[in-house]
Amino acid sequence: MATVTPPPKHPPMVNLPNVLTASRFVLAMVLFVLIPWHESIPHVWLWCLGIFAAAAVTDYFDGYYARKLGLTSTLGRNLDPLVDKVLMCGAFTFLLEVKGATDVGLRAWMVVVVVARELIITSLRGFLESQGIRFGADLLGKIKMWLQCAALIAVFVALHDFTPGDWRTVVALWLVYAMVAATALSGAQYLWKATLLLKAE
């Protein structure tokens, strides 16, 4: 009978999940180059949509393979959400300068809410986990992430063959506002949860 090799207790830093996470960071950089050059690149918003979809696929598979192959690590657990935040915050920030961004609902204060929430919660999570307190994502945090992805996809779709006031623009606008509301609520919930954890300690 063949023996099954148990997963390593300390996975190597260069492994499949971490490589997928790193590839998502590279895709984010490509996206950040494409958006400012949108007027010079044909079908740029379709390119952006495809690159973001590829990044989303890597986000799924890095977690999947980390669990399946027993390659979960402290580095991967911290690097994965950090790259997600760079991707989302960077994309919304670059989109602010695009003609038509206001028509799909994007405002500077909204991006500030998104960036501030991610910076505060990431710092708070790092502090709590350094104290040995687990502070993982909950349902509202996942809903926030799904809405951020949906809003970004809707914005790319609306900007492709852009027509102010059509149904794509309206859908993008509503998703942007829903994303901002979920981001703010999720941040408030995490702050409350962290307060209770610190009091318990």
Side-chain angles (χ1 to χ4, degrees), residues 9-11 13 15 17-18 20-22 24-25 27-28 31-32 52 55-56 58-68 70-96 101 104-155 172-201:
K9 292 183 178 179
H10 301 287
M13 187 169 61
N15 56 51
N18 288 347
L20 288 171
T21 300
R24 186 160 68 259
F25 180 79
L27 289 170
L31 192 65
F32 300 162
F52 181 72
T58 67
D59 189 27
Y60 170 79
F61 279 108
D62 63 7
Y64 171 79
Y65 282 117
R67 293 185 296 270
K68 183 178 179 63
L71 295 174
T72 55
S73 63
T74 302
L75 175 64
R77 194 158 54 87
N78 287 280
L79 190 62
D80 178 55
L82 180 61
V83 172
D84 290 343
K85 289 166 177 52
V86 169
L87 173 62
M88 300 305 303
C89 294
F92 284 120
T93 300
F94 277 102
L95 283 168
L96 282 176
V104 296
L106 276 178
R107 302 289 188 277
W109 68 265
M110 295 177 171
V111 178
V112 170
V113 169
V114 172
V115 174
R117 186 268 182 202
E118 303 301 354
L119 288 175
I120 292 170
I121 301 306
T122 299
S123 301
L124 191 58
R125 177 180 288 117
F127 169 74
L128 288 172
E129 295 204 354
S130 71
Q131 306 297 311
I133 304 173
R134 294 298 297 269
F135 194 64
D138 58 13
L139 179 60
L140 187 54
K142 293 177 181 178
I143 291 173
K144 178 269 303 180
M145 188 63 184
W146 294 335
L147 282 173
Q148 285 182 350
C149 292
L152 193 55
I153 290 170
V155 168
L173 187 147
W174 280 102
L175 281 173
V176 166
Y177 275 94
M179 174 271 295
V180 174
T183 299
L185 287 173
S186 171
Q189 183 192 41
Y190 273 113
L191 288 173
W192 177 249
K193 179 181 175 181
T195 301
L196 295 178
L197 288 171
L198 289 171
K199 282 184 177 180
E201 287 296 311

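Start at 1 with the first residue, then count along the sequence.
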Quiz item: Between Asp59 and Asp80, is a side chain to side chain contact (heavy atoms under 4.5 Å, CB included) present by the stated rule, with each step listed?
Solution: CA-CA 8 Å; Asp59 189 27; Asp80 178 55; 3.3 Å; yes
Return the minimal non-hydrogen interatomic distance between [X] and [Y], and the atom names on each side.
X      : Y      : result
Val176 : Met110 : CG1-SD, 3.6 Å
Phe52  : Leu87  : CE1-CD2, 3.9 Å
Ala194 : Leu128 : CB-CD1, 3.9 Å
Leu175 : Ala154 : CD1-CB, 3.6 Å
Phe32  : Val86  : CZ-O, 3.3 Å
Val113 : Thr183 : O-CG2, 4.2 Å

Exercise. Please answer whether the main-chain N or O of Ala55 pairs with a side-chain N or O of Thr58 as donor and acceptor at a distance below 3.5 Å.
Key: yes
Quiz item: Taking only residues two or more places apart in sequence, or in another chain, which ones meet Phe127 in a side chain to side chain contact (heavy atoms under 4.5 Å, CB included)?
Solution: Ser130, Gln131, Leu198
Exercise. Could you walk me through whether Leu152 and Leu95 pass the side chain to side chain contact (heavy atoms under 4.5 Å, CB included) test, one step at a time?
Key: CA-CA 10 Å; Leu152 193 55; Leu95 283 168; 3.5 Å; yes
Quiz prompt | Set of residues satisfying ring pair (Phe, Tyr, Trp, His ring centres under 6.0 Å) with respect to Phe25, sequence neighbours excluded | solution = none
Within-4.5 Å side-chain heavy-atom neighbours: [X] and [Y]:
X      : Y      : value
Val114 : Gln148 : yes
Tyr190 : Ile120 : no
Gln189 : Lys144 : no

Quiz item: Once you round to the nearest 0.5 Å, how far does CD of Glu118 lie from OG of Ser186?
Solution: 7.5 Å
Practice problem: Enter the distance from Asn15:CG to Leu20:CG here, rounded to the nearest 0.5 Å. | Solution: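 Answer rounded to 0.5 Å: 9.0 Å.
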Quiz item: Does the pair Arg24 and Asp62 meet the rule for a side chain to side chain contact (heavy atoms under 4.5 Å, CB included), with working shown?
Solution: CA-CA 10 Å; Arg24 186 160 68 259; Asp62 63 7; 3.0 Å; yes
Practice problem: Go through the steps to decide whether Lys142 and Met145 satisfy the test side chain to side chain contact (heavy atoms under 4.5 Å, CB included), and finish with yes or no. | Solution: CA-CA 5 Å; Lys142 293 177 181 178; Met145 188 63 184; 5.6 Å; no
Practice problem: Could you pull out all residues at least two apart from Arg117 that satisfy salt bridge (Lys or Arg N to Asp or Glu O under 4.0 Å)? | Solution: none
